[in-house]
Undergrad: 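Here it is, the structure, as structure tokens.
When a ligand or atom number is given, it counts from 1 through the structure's own listing order. Since the model is a prediction, treat every value here as computed from it, not as a measurement.
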Amino acid sequence: MTRTDQPEREFEYGWEDFEAARKLLYAVTGISMADSKFQLVYSRLARRLRALRLKSVAQYLRYLADHGEEQEHFVNALTTNLTSFFREPHHFEVLARFLREHAGRGRRFSLWCAAASTGEEPYSMAMVALEALGDNPPVSIIATDIDSQVLQHGRNGIYTAERCRGISTARLKRFCLRGKAGTPHQDMVKMRPELGRLIEFRTLNLLSNQWALSPPFDIIFCRNVMIYFDKPTQRKLLERMVPMLTDDGLYIAGHSESFTNASNLVRLVDRTVYVPVRRTT
Ligand SMILES: C[S@@+](CC[C@H](N)C(=O)[O-])C[C@H]1O[C@@H](n2cnc3c(N)ncnc32)[C@H](O)[C@@H]1O
């Protein structure tokens with residue numbers, strides 16, 4: 001579609017509105033939206049316009065400027081939350097190995113899942129922790145995201161059976177509760193409390209100057225979020241995160257995120273797995 005095409009729409013929307021929306025989104029979240037996201041921005045915001053009974057995106061943007069509390073809905077509407085259980089499975093093997101190799105002598109593990117979305121990633125981490133270290137493992141997982149709505153989903157820990165396809169049968173048996181047949185919950189799966197006990201879900205904007213966190217972390221899972229940021233933002237975030245790792249800690253990135261150009265900060269040791277580079281002087 002070109003900038004002049006104007007298909008029939010329920011709400012008025014043009015390139016100026018798109019520019020204003022993406023500028024605001026970038027300022028608040030660091031997310032860069034390409035021109036190709038023009039239609040996506042409209043369809044995501046249309047839900048908010050309907051809820052607020054507004055007629056145009058321009059009117060919505062004015063509403064947003066006057067109502068600070070709407071910003072949360074704006075951000076929630078525009079984030080992309082795609083995730084799944086055991087996505088990029090080799091990272092969970094790396095996690096299991098790390099926990100087994102470093103366990104003992106009273107060591108507690110602190111893990112940060114920095115873009116937790118609806119929770120599938122931190123629950124996968126919790127399952128691995130229980131498998132590697134046994135019941136009540138000395139592990140805490142802080143699961144953060146900018147989107148308050150997806151975090152609430154994570155706290156509830158209930159997923160459709162369809163979304164649990166990445167969980168093996170053995171893990172489903174051990175860590176999940178299936179809704180009873182013949183009830184409205186029959187196609188739903190609930191994470192067992194022993195997993196939830198290891199995880200704290202908390203809203204955190206990676207772009208904000210202050211992070212309410214308690215480093216050091218043994219492992220930071222920061223997967224498939226950096227891709228939404230421009231290079232300078234990625235670099236700044238990496239510069240803040242790497243010093244939060246223990247000396248033997250790991251930074252785990254998403255499959256299309258590469259930091260080989262940040263060799264003064266991190267060193268690649270496995271597929272998209274990095275260790276911190278510590279200055280010796
Ligand atoms: C595509 S999901 C990735 C989820 C998961 N890490 C995975 O790899 O499956 C990206 C997540 O990053 C979050 N996000 C985007 N911008 C953010 C920011 N500035 N601070 C914190 N989280 C952000 C989104 O809300 C979304 O849930």
Undergrad: Heavy atoms only, cut-off 4.0 Å: how does Glu121 contact ligand 1, side chain, backbone, both, or neither?
TA: side chain
Undergrad: Heavy-atom contacts with Asn205 under 4.0 Å: which atoms of ligand 1 show up? List them by number with element.
TA: 18 (C), 19 (N), 20 (N)
Undergrad: Who clusters with Met188? Use side-chain heavy atoms, under 4.5 angstrom, across I, L, V, M, F, W and Y, and order the result by chain and number.
TA: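 Taking Ile, Leu, Val, Met, Phe, Trp and Tyr as members, Met188 shares its hydrophobic cluster with Ile158.
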Undergrad: Over 60° means perpendicular and under 30° means parallel, so classify the ring planes of His102 and Phe98, tilted if in between.
TA: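 Ring orientation, 0 to 90° scale: parallel.
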Undergrad: Do ligand 1 and Ala114 have nitrogen or oxygen atoms that lie under 3.5 Å from each other?
TA: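 No.
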Undergrad: From the options Val75, Asp145, Thr203, select the one whose nearest heavy atom is closest to atom 24 (C) of ligand 1.
TA: Asp145
Undergrad: Under 6.0 Å between the ring centres of Tyr13 and Phe38?
TA: yes
Undergrad: Should Arg165 and Glu162 count as an ion pair when the cut-off is N to O under 4.0 Å?
TA: yes
Undergrad: Which residue and non-hydrogen atom of the protein lie closest to atom 8 (O) of ligand 1, and at what distance in Å?
TA: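 For this ligand atom, the closest protein heavy atom is Asn224 ND2, 2.7 Å.
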Undergrad: Could you tell me the residue and atom name of the protein heavy atom closest to atom 17 (C) of ligand 1, and the distance to it rounded to 0.1 Å?
TA: Ile146 CG2, 3.6 Å
Undergrad: Using a 4.0 Å cut-off to any heavy atom of Ile31, which atoms of ligand 1 qualify?
TA: 15 (C), 16 (N)
Undergrad: Hey, which atoms in ligand 1 end up nearer than 4.0 Å to a heavy atom of Leu204?
TA: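 Atoms satisfying the 4.0 Å criterion: 20 (N), 21 (C).
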Undergrad: Looking at Phe86, does the NZ or CZ of Arg171 lie under 6.0 angstrom from its six-membered ring centre and within 45 degrees of the ring axis?
TA: yes
Undergrad: I want to confirm something. Looking only at heavy atoms, which of Asn81, Thr80, Thr29 is nearest to atom 10 (C) of ligand 1?
TA: Thr80
Undergrad: Give the intermediate values and the outcome of ring-ring contact (aromatic ring centres under 6.0 Å, His included) for residues Phe85 and Tyr159.
TA: CA-CA 10 Å; Phe85 286 98; Tyr159 302 89; 5.1 Å; yes
Undergrad: Carefully, step by step, assess Arg48 and Leu64 under the rule side-chain contact (heavy atoms from CB on, under 4.5 Å).
TA: CA-CA 11 Å; Arg48 291 307 302 153; Leu64 193 56; over 6 Å; no
Undergrad: Less than 6.0 angstrom separating the ring centers of Phe109 and Phe217, yes or no?
TA: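 No; Phe217 has its ring centre 6.0 Å or more from that of Phe109.
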Undergrad: Output the list of atoms in ligand 1 that are nearer than 4.0 Å to some heavy atom of Ser117, sorted by atom number.
TA: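 By the 4.0 Å cutoff, the relevant atoms are 4 (C), 27 (O).
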Undergrad: Which atoms from ligand 1 have a heavy atom of Leu82 less than 4.0 Å away?
TA: 1 (C), 2 (S), 3 (C), 4 (C), 9 (O)
Undergrad: For ligand 1, is any non-hydrogen atom under 4.0 Å from Thr118's backbone (N, CA, C, O), its side chain (CB onward), both, or neither?
TA: neither
Undergrad: With a heavy-atom distance limit of 4.0 Å, tell me whether Thr79 approaches ligand 1 through its side chain, its backbone, both, or neither.
TA: side chain
Undergrad: For atom 9 (O) of ligand 1, which of Val28, Asp147, Thr83, Ile252 has the closest heavy atom?
TA: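 Nearest option to atom 9 (O) of ligand 1, by heavy atoms: Thr83.
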Undergrad: Does ligand 1 have a heavy atom under 4.0 Å from the side chain of Tyr228, from its backbone, from both, or from neither?
TA: side chain
Undergrad: Minimum heavy-atom separation for Pro243 and Leu238, please, with both atom names.
TA: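 For Pro243 versus Leu238, the nearest heavy atoms are CD-O, 4.2 Å.
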Undergrad: Any donor and acceptor pair, going by atom type alone, linking the side chain of Ser117 with main-chain N or O of Asn81 inside 3.5 Å?
TA: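 Yes.
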Undergrad: How far is atom 7 (C) of ligand 1 from the closest protein heavy atom, and which atom is that?
TA: Arg87 NH1, 3.2 Å
Undergrad: Is there a polar contact between ligand 1 and Leu206, counting only N or O atoms under 3.5 Å apart?
TA: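 Such a contact does occur with ligand 1.
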Undergrad: Using heavy atoms and a 4.0 Å limit, tell me yes or no: is Phe229 in contact with ligand 1?
TA: yes
Undergrad: Is Ser84 in polar range of ligand 1, meaning some N or O pair under 3.5 Å apart?
TA: no
Undergrad: Counting only nitrogen or oxygen atoms and a 3.5 angstrom limit, does Ala115 reach ligand 1?
TA: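 Looking only at distances, the answer is yes, because the N/O contact criterion of under 3.5 Å is met.
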Undergrad: Could you check whether Asp218 pairs with Arg108 (Lys NZ or Arg NE/NH1/NH2 to Asp/Glu carboxylate O, under 4.0 Å)?
TA: no
Undergrad: Heavy-atom distances under 4.0 Å decide this one: backbone, side chain, both or neither, for Phe85 against ligand 1?
TA: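 No part of Phe85 comes within reach of ligand 1.
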Undergrad: Between the side chains of Asp230 and Arg235, is the shortest nitrogen-to-carboxylate-oxygen separation below 4.0 Å, so that they form an ion pair?
TA: no
Undergrad: Measure the acute angle between the ring planes of Phe92 and Phe221, then classify it against the limits of 30° and 60° as parallel, tilted or perpendicular.
TA: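 It falls in the tilted class, 30° to 60°.
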Undergrad: Which protein heavy atom lies closest to atom 12 (O) of ligand 1, and at what distance to 0.1 Å?
TA: Val225 CG2, 3.3 Å
